[in-house]
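Heads up, the thing below is written out as structure tokens.
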Amino acid sequence: MRDFTPQQVYERDYILNIIKENFQKYGFEPIETPAIEKLSILTEKYGDEGDKLIYKIINSGDFLKNTDIEDFNDKNKLLKKISEKALRYDLTVPLARYIAMNQDKHPFPFKRYQIQNVWRADRPQKGRFREFCQCDVDIIGTNSILSEVELITMATEILNQLKIKNFKIKINHRKLLKAFSEYINQKDKATLLSITLDKVDKIGLDNVLAELKKNNISDNQINKLKEVLQYKGTNEEILLFLKNKFQNINYALEGLEDIQKLLTYLKFSGVNLNYIKVDPTIARGLAYYTGTVFEIIVENSNIGSIGGGGRYDEMASVFGLKNSYGIGFAFGLDRIWSILKNENLIPRKQTNSTQILITLFDEENMPLLLKLSKEIRKLDINTELYPAPIQIKKQLSYANKRNIPFIVILGKDEITKNKFILKNMKNGEQHFIPIDRIENILNFTSKSKISSY
RNA sequence: GUGACCGUAGCUCAGCUGGUAGAGUAUUCGGUUGUGGUCCGAAUUGUCGCGGGUUCGAGUCCCGUCGGUCACCCCA
């Protein structure tokens with residue numbers, strides 16, 4: 001739970017604007033959905049771990065009204081009786097619900113983006129918040145590999161514009177993960193396998209294998225896995241190697257072909273393939289993925305991924321939309337912000353804040369000052385009036401704290417001369433400007449506009 | 001959901017082995033009448049996160065809870 005100061009909002013807006021511009025450039029349209037969803041919409045979409053992290057909202061009024069003592073012996077049963085609403089956990093599931101409910105309102109494929117907060121009942125830690133902002137883009141209604149191509153191309157474009165170096169987009173395919181379990185004759189342990197493999201990056205291959213051993217995977221099977229996972233090579237080499245290993249597993253070959261095509265098209269789409277890394281261990285925990293999955297990381301940042309996504313071809317069908325294809329990914333605004341801060345990549349604020357503060361001596365002069373402020377704004381200069389006739393030193397001090405580069409003084413002395421004073425707060429210089437030649441202000445302000453920050 | 005540490009004035013923090021709170025900074029006022037950012041002087045500031053317990057007495061000990069930081073788990 002965080003507040004954002006004006007400076008922080010500026011910094012976040014800088015990122016949001018780049019993201020939004022690119023979303024629009026690729027033809028995505030915005031939607032918004034409510035923060036609160038029905039709890040039943042959200043459950044069982046993110047896996048067991050995910051379900052635990054959903055913020056449940058207790059029913060209003062007498063929330064115990066339908067419960068009896070026995071319900072307290074079964075927490076899940078109790079939960080259903082006292083909570084029917086929840087805060088959204090991501091933007092993908094609400095999108096699926098939205099699509100199912102608004103099928104008639106959009107042509108398909110439907111390309112939408114959605115930038116809103118989501119909530120997770122997590123323990124906060126580095127790069128992780130209970131309330132955070134996701135910038136989500138999805139394409140609903142086609143299973144064309146071009147969707148993958150477009151999303152990844154756009155992601156690299158955005159990261160380039162944000163000047164983030166060292167990012168990698170790791171790509172995998174759920175079908176490949178599944179193939180691992182078949183490859184070692186442990187089909188029923190597919191989930192365990194994918195969750196464990198996902199940790200290779202974090203705890204290393206040896207620890208992963210040790211963990212599998214604890215879960216009753218035999219030495220023989222582990223060695224078989226090790227041989228595959230140890231393999232290092234270029235994207236092409238990895239694909240070839242896996243093709244060889246999985247030659248008898250049809251769906252694995254499909255997955256490999258998807259990735260192969262994706263790489264080919266990315267090249268034509270102008271993406272520098274150094275950013276792309278095929279990684280058979282990337283799993284992603286969310287339960288709804290069915291095809292390609294990807295994760296965007298920044299090397300040496302120790303902040304986890306800054307974005308991730310994948311294909312989820314069945315999800316909207318849960319909400320009644322048949323043959324629904326879907327793919328998308330989300331950028332984590334807060335994590336990108338954190339990285340840009342660390343790397344000093346956020347440009348300094350130029351000048352969209354106040355340029356001139358008009359000081360006030362006497363309420364009698366208000367009409368004149370209001371008129372003056374309007375005339376100055378006509379020159380496209382951000383101007384404000386100090387709202388109360390307090391001591392001028394206080395008004396100057398206020399301008400100082402606000403970093404306002406100029407003040408105008410127009411009191412009775414000046415009025416008799418038909419001039420006002422324009423004072424440069426940086427060097428203290430003062431200039432008299434005739435009231436009927438307001439545009440002369442520009443002689444002094446335009447130069448310092450940029451250097452004032 | 002698990003573990004560790006933390007939560008004292010607006011901010012950063014001090015407060016030893018229990019005896020009802022202090023510094024720096026910020027704020028406000030002043031250093032004479034209409035000129036800030038420096039300097040000097042003065043003043044204000046807190047239900048010590050919240051709830052309960054132990055004790056004659058708790059910021060200080062115990063329990064719970066909420067919030068923060070970090071590591072798991074998982075994820076943006």
Side-chain angles (χ1 to χ4, degrees), chain A residues 1-3 5 15 19 45-54 75 88-92 114-137 155 191 194-196 198-199 201-203 207 211 282-289 293-298 301-310 328-339 357 359-362 365 386 389-416 420-430:
Chain A
M1 282 178 248
R2 296 163 295 165
D3 294 320
T5 61
I15 299 168
I19 290 177
K45 310 295 187 303
Y46 308 108
D48 292 344
E49 288 300 322
D51 279 357
K52 283 184 202 159
L53 298 181
I54 297 172
K75 282 180 187 164
R88 64 173 167 239
Y89 176 93
D90 74 351
L91 299 176
T92 308
Q114 186 173 357
I115 298 174
Q116 291 190 280
N117 283 351
V118 302
W119 292 266
R120 296 190 186 169
D122 205 357
R123 292 277 180 104
Q125 58 182 281
K126 206 169 204 60
R128 169 178 274 192
F129 309 92
R130 292 199 170 105
E131 178 182 30
F132 62 97
C133 180
Q134 283 194 330
C135 312
D136 193 282
V137 256
T191 314
S194 64
I195 288 173
T196 317
D198 199 38
K199 297 185 208 165
D201 250 15
K202 218 170 188 177
I203 62 177
N207 290 322
E211 200 171 320
I282 293 292
R284 307 200 38 80
L286 304 183
Y288 49 65
Y289 291 123
V293 290
F294 42 90
E295 193 158 286
I296 306 168
I297 58 132
V298 176
S301 73
N302 83 328
I303 206 164
S305 61
I306 57 168
F329 79 94
F331 277 121
L333 172 64
D334 301 85
R335 287 184 173 181
I336 291 177
W337 183 34
S338 155
I339 284 181
L357 177 77
T359 55
L360 174 65
F361 285 100
D362 192 333
N365 296 334
Y386 196 87
I390 59 169
Q391 290 178 62
I392 187 154
K393 60 194 302 187
K394 303 238 164 88
Q395 300 188 42
L396 289 182
S397 171
Y398 174 78
N400 216 37
K401 283 173 195 152
R402 287 272 310 276
N403 247 315
I404 297 173
F406 291 93
I407 59 146
V408 161
I409 296 174
L410 180 51
K412 56 176 184 289
D413 294 357
E414 289 75 22
I415 289 173
T416 56
F420 61 85
I421 294 172
L422 180 72
K423 174 168 175 147
N424 181 327
M425 292 296 282
K426 221 171 176 190
N427 56 22
E429 279 176 21
Q430 300 195 161

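Chain identifiers are assigned alphabetically (A, B, ...) following the order of the sequence lines, protein sequences preceding nucleic acid strands; residue numbering begins at 1 within each chain. Worth saying up front: this structure is predicted, and the values here are computed from it rather than measured.
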For this session: Quick one: do Ile407(A) and Gln395(A) satisfy side chain to side chain contact (heavy atoms under 4.5 Å, CB included)? Show the steps, please.
Result: CA-CA 9 Å; Ile407(A) 59 146; Gln395(A) 300 188 42; over 6 Å; no

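Once the 5.5 Å centre distance and the 30° plane angle are applied, the aromatic ring of Phe361(A) is found not to be stacked with the base of rG34(B).
Put simply, NZ on Lys394(A) is 16 Å from P on rA26(B), counting in whole angstrom units. Rounded to whole Å, the distance from CZ on Arg123(A) to C1' on rC72(B) is 10 Å. What separates CD of Gln391(A) from C1' of rU28(B) is a distance of 12 Å, to the nearest Å. Computed from coordinates, the Ile15(A) CD1 to rA76(B) C1' distance equals 13 Å when rounded to whole Å. rA76(B) atom P lies 6 Å from atom OH of Tyr289(A), rounded to whole Å. Note: CD (Gln134(A)) to P (rA76(B)) measures 6 Å, nearest angstrom. In this entry the distance linking CZ of Arg335(A) with P of rA76(B) reads 8 Å, nearest Å. We find that CD of Gln125(A) is positioned 7 Å from C1' of rC70(B), with the value rounded to whole Å.
In this structure, Lys199(A) does not reach the rC72(B) phosphate: none of its side-chain N or O atoms is under 4.0 Å from OP1 or OP2. Applying the 4.0 Å criterion to OP1 and OP2 of rU38(B), one finds that Lys393(A) has every side-chain N and O outside that range.
For Asn400(A), the listed nucleotide lying nearest its side chain is rG37(B); candidates were rG37(B), rC70(B), rG34(B). Nearest nucleotide to the side chain of Leu396(A), out of rC73(B), rG68(B), rU35(B): rU35(B). Counting only heavy atoms from C-beta on, Met425(A) has its side chain closest to rG36(B) among rG36(B), rG68(B), rU35(B).
Annotation: rA23(B) and rG15(B) have their P atoms spaced 15 Å apart (nearest Å). Between rU32(B) and rA21(B), the two P atoms lie 39 Å apart (nearest whole Å). Comparing the same atom, P, in rC74(B) and in rG59(B) gives a spacing of 43 Å after rounding to whole Å. One P atom belongs to rC62(B), the other to rC5(B), and the distance between them is 11 Å to the nearest Å. When the C1' atom is used for both rA14(B) and rA9(B), the distance is 13 Å, rounded to whole Å. Across rA42(B) and rU25(B), the matching P atoms stand 13 Å from one another, rounded to whole Å. Taking the C1' atom of each, rC29(B) and rC70(B) are spaced 45 Å apart, rounded to whole Å. Nucleotides rC6(B) and rA76(B) have their C1' atoms positioned 26 Å apart, rounded to a whole Å.
Among the protein residues, Ile296(A) comes within range of no part of the nucleic acid, since none of its heavy atoms lies under 4.0 Å from any strand. Using a 4.0 Å heavy-atom cutoff across all strands shown, Gly304(A) reaches no nucleic acid atom at all. Glu414(A) comes within 4.0 angstrom of a nucleotide base, judged by non-hydrogen atoms across all strands. Base engagement by Gly127(A) is indicated by at least one non-hydrogen atom pair under 4.0 Å involving a base atom. Residue contacts shown for Ile421(A) include a base, since a base heavy atom lies under 4.0 Å away. Here Lys412(A) lies in heavy-atom contact (under 4.0 Å) with a base. Base engagement by Phe129(A) is indicated by at least one non-hydrogen atom pair under 4.0 Å involving a base atom.
Salt bridge status for Arg128(A) with Asp334(A): absent, with no side-chain N to carboxylate O gap under 4.0 Å. Residues Arg2(A) and Glu131(A) are not paired through a salt bridge, judged by the lack of any N-O separation under 4.0 Å between the basic side chain and the carboxylate.
Atom CZ of Arg88(A) and atom CD of Gln134(A) lie 9.0 Å apart (nearest 0.5 Å).
Ring geometry, Tyr46(A) versus Tyr288(A): the interplanar angle exceeds 60°, so the pair is classed perpendicular (tilted spans 30 to 60°).
No side-chain heavy atom of Asp136(A) sits under 4.5 Å from any side-chain heavy atom of Ile115(A). Looking at heavy atoms from C-beta onward, Val118(A) lies in side-chain contact with Leu91(A) at the 4.5 angstrom threshold.
In terms of position on RNA chain B, the residue among Arg130(A) and Glu211(A) whose nearest nucleotide sits closer to the 5' end is Arg130(A). Each of Lys401(A) and Ala121(A) was matched to the nucleotide of RNA chain B holding its nearest heavy atom; the match closer to the 5' end belongs to Ala121(A).
Judged by distance alone with a 3.5 Å cut-off, no donor-acceptor contact links the side chain of Gln395(A) to the base of rU35(B).
Nucleotide rA42(B): paired with rU28(B) (Watson-Crick or G-U wobble, both distances less than 3.5 Å). Nucleotide rU17(B): unpaired (no Watson-Crick or G-U wobble partner with both distances less than 3.5 Å). Summarising the base pairing, rU69(B) is matched to rA4(B) through a Watson-Crick or G-U wobble pair whose two defining distances lie under 3.5 Å. Base-pair partner of rG36(B): not found among the strands shown (Watson-Crick or G-U wobble, both distances under 3.5 Å).
With hydrogens and angles disregarded, no donor-acceptor distance shorter than 3.5 Å links the side chain of Asp122(A) to the backbone of Pro124(A).
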